[in-house]
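What follows is a single structure, written as structure tokens, with notes after it.
By convention here, the first residue in the shown sequence is residue 1. No experiment lies behind these values; they were computed from the predicted model shown.
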Amino acid sequence: VFARADIPVYTSAKEDLTAKPLFAFLLASISVVIEDFSLKSIKRYVKSGYTDLTVSESDALLSYARAWKLRGKAWYGDNEWTLDPEGYREGDLTARGARLLKKANVARDKIVPALSALRDTLTQKDLTVSVTMKALYSHLISLGADERLRKNAERYLKNGDREQSEREIQLWKILINIIDQLVDLAGDWVITPKRLQSLIKLMCDCVGLGAIPASADSVTFGDASLIR
């Protein structure tokens, strides 16, 4: 109806922040440490879209880890992967197997150093909230999360989707605000990675994600508590 009448419509609704790729990536990073590089946690981490892996590298990495049920030191140890990515079989690697193995090792080298550094921090004794926040922020910056969001926002704006562009910008601001609040309110608390993850999820649940209407004359739909 509104489209036919050429009336701009803006929808105001509280969204689940933990389902957004940025926060899914953040929480998956912590899960990798909690679950000691389980396949499930690595898959969530990779599928968030915040790594530099190509689709084929992601597939090769996850396929290799699934084939050999990798976990723990098999990921962050010093030894290069040498097993057949096609699973147990007699004879030498096939040409395809050799290509997949090389790609899996390249992919591993792209994500494991940063994750290992995060693990080294989050598994320390007497870990405080301040230390964890600094480590998580450094992890995000080292992987270019802020730059990725900025480019996403620019792309949406270029395509005429100002509302989504605003939401992308807000995501980073909300994340920084959550980090600042946790440091200010509980910086000296001793915490475990699992408790930290729960605390971040709780903070996300208390925050609403909105956007500035693209037009002052737009019709706004949404919960009254979210409309000012």
Side-chain angles (χ1 to χ4, degrees), residues 18-124 132 134-156 168 171-172 175 193-194 196-197 200:
T18 61
K20 299 298 179 182
L22 175 64
F23 285 88
F25 176 68
L26 176 70
L27 294 170
S29 301
I30 304 173
S31 290
V32 170
V33 176
I34 294 172
E35 300 174 22
D36 198 21
F37 287 66
S38 70
L39 175 61
K40 183 179 178 180
S41 64
I42 290 290
K43 184 176 181 179
R44 288 199 300 267
Y45 183 85
V46 169
K47 296 297 183 181
S48 70
Y50 272 80
T51 70
D52 290 329
L53 299 182
T54 64
V55 173
S56 62
E57 286 173 343
S58 297
D59 290 343
L61 180 78
L62 296 176
S63 178
Y64 186 92
R66 188 181 303 111
W68 294 104
K69 297 179 173 57
L70 302 185
R71 191 170 190 154
K73 289 185 178 180
W75 280 94
Y76 49 79
D78 295 331
N79 295 331
E80 184 177 273
W81 289 343
T82 58
L83 298 174
D84 191 333
E86 297 178 295
Y88 179 77
R89 54 188 296 280
E90 294 183 358
D92 297 330
L93 284 175
T94 62
R96 179 177 181 274
R99 288 195 301 271
L100 290 174
L101 179 60
K102 181 178 180 180
K103 187 166 290 188
N105 274 300
V106 167
R108 179 194 181 199
D109 289 342
K110 282 187 177 182
I111 68 168
V112 168
L115 281 171
S116 291
L118 182 65
R119 174 188 172 275
D120 289 344
T121 298
L122 298 191
T123 53
Q124 292 177 8
T132 62
K134 183 178 180 180
L136 287 171
Y137 178 77
S138 296
H139 185 70
L140 291 170
I141 295 298
S142 70
L143 292 168
D146 55 336
E147 185 65 14
R148 193 180 299 269
L149 274 177
R150 184 186 66 78
K151 289 181 178 179
N152 287 345
E154 289 179 350
R155 186 178 68 254
Y156 283 121
E168 290 294 305
L171 282 172
W172 187 255
L175 174 60
K194 191 169 185 178
L196 171 69
Q197 189 180 60
I200 292 175

Return the [atom1] to [atom2] distance between [X] and [Y], rounded to the nearest 0.5 Å.
X: Leu62; Y: Lys43; atom1: CG; atom2: NZ; value: 7.0 Å
X: Ile111; Y: Glu57; atom1: CD1; atom2: CD; value: 10.5 Å
X: Leu26; Y: Ile200; atom1: CG; atom2: CD1; value: 5.0 Å
X: Leu140; Y: Trp172; atom1: CG; atom2: CH2; value: 5.0 Å
X: Leu149; Y: Glu147; atom1: CG; atom2: CD; value: 10.0 Å
X: Thr121; Y: Leu136; atom1: OG1; atom2: CG; value: 9.0 Å

How close do [X] and [Y] get, heavy atom to heavy atom, and via which atoms?
X: Pro21; Y: Ser48; value: CB-O, 3.6 Å
X: Gly97; Y: Pro85; value: O-CG, 3.1 Å
X: Ala98; Y: Leu93; value: CA-CD1, 4.2 Å
X: Asp120; Y: Thr123; value: O-OG1, 3.6 Å
X: Glu80; Y: Asn105; value: CG-OD1, 3.2 Å

Trace of the side chain to side chain contact (heavy atoms under 4.5 Å, CB included) decision for Arg119 with Val32
CA-CA 8 Å; Arg119 174 188 172 275; Val32 170; over 6 Å; no
For a 4.5 angstrom cut-off between non-hydrogen side-chain atoms, does [X] reach [Y]?
X: Ser41; Y: Val33; answer: no
X: Lys103; Y: Leu100; answer: no
X: Leu101; Y: Asp84; answer: no
X: Glu154; Y: Glu168; answer: no
X: Asp36; Y: Trp75; answer: no
X: Tyr64; Y: Arg108; answer: no
X: Leu70; Y: Ile42; answer: no
X: Thr51; Y: Lys110; answer: no

Is Arg148 reaching over with its side chain to a backbone N or O of Leu22, donor-acceptor style, under 3.5 angstrom?
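Here the side-chain-to-backbone pair does not exist.
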Start with the C-alpha distance between Ser116 and Val112, add both sets of side-chain angles, then the distance that settles side chain to side chain contact (heavy atoms under 4.5 Å, CB included), and finish with yes or no.
CA-CA 6 Å; Ser116 291; Val112 168; 3.4 Å; yes
What residues, two or more places apart in sequence or in another chain, satisfy ring pair (Phe, Tyr, Trp, His ring centres under 6.0 Å) together with Phe25?
Tyr45, Tyr50, His139
With a cut-off of 6.0 Å (strictly less than), are more than 12 heavy atoms of other residues, nucleotides or ligands near NZ of Lys134?
no
Hydrogens and angles aside, do Asp146 and Tyr137 bring a side-chain donor and acceptor to less than 3.5 Å of each other?
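Result is no, nothing qualifies.
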Would you sort out whether Asn152 and Arg155 count as a side chain to side chain contact (heavy atoms under 4.5 Å, CB included), showing the intermediate values?
CA-CA 5 Å; Asn152 287 345; Arg155 186 178 68 254; 3.1 Å; yes
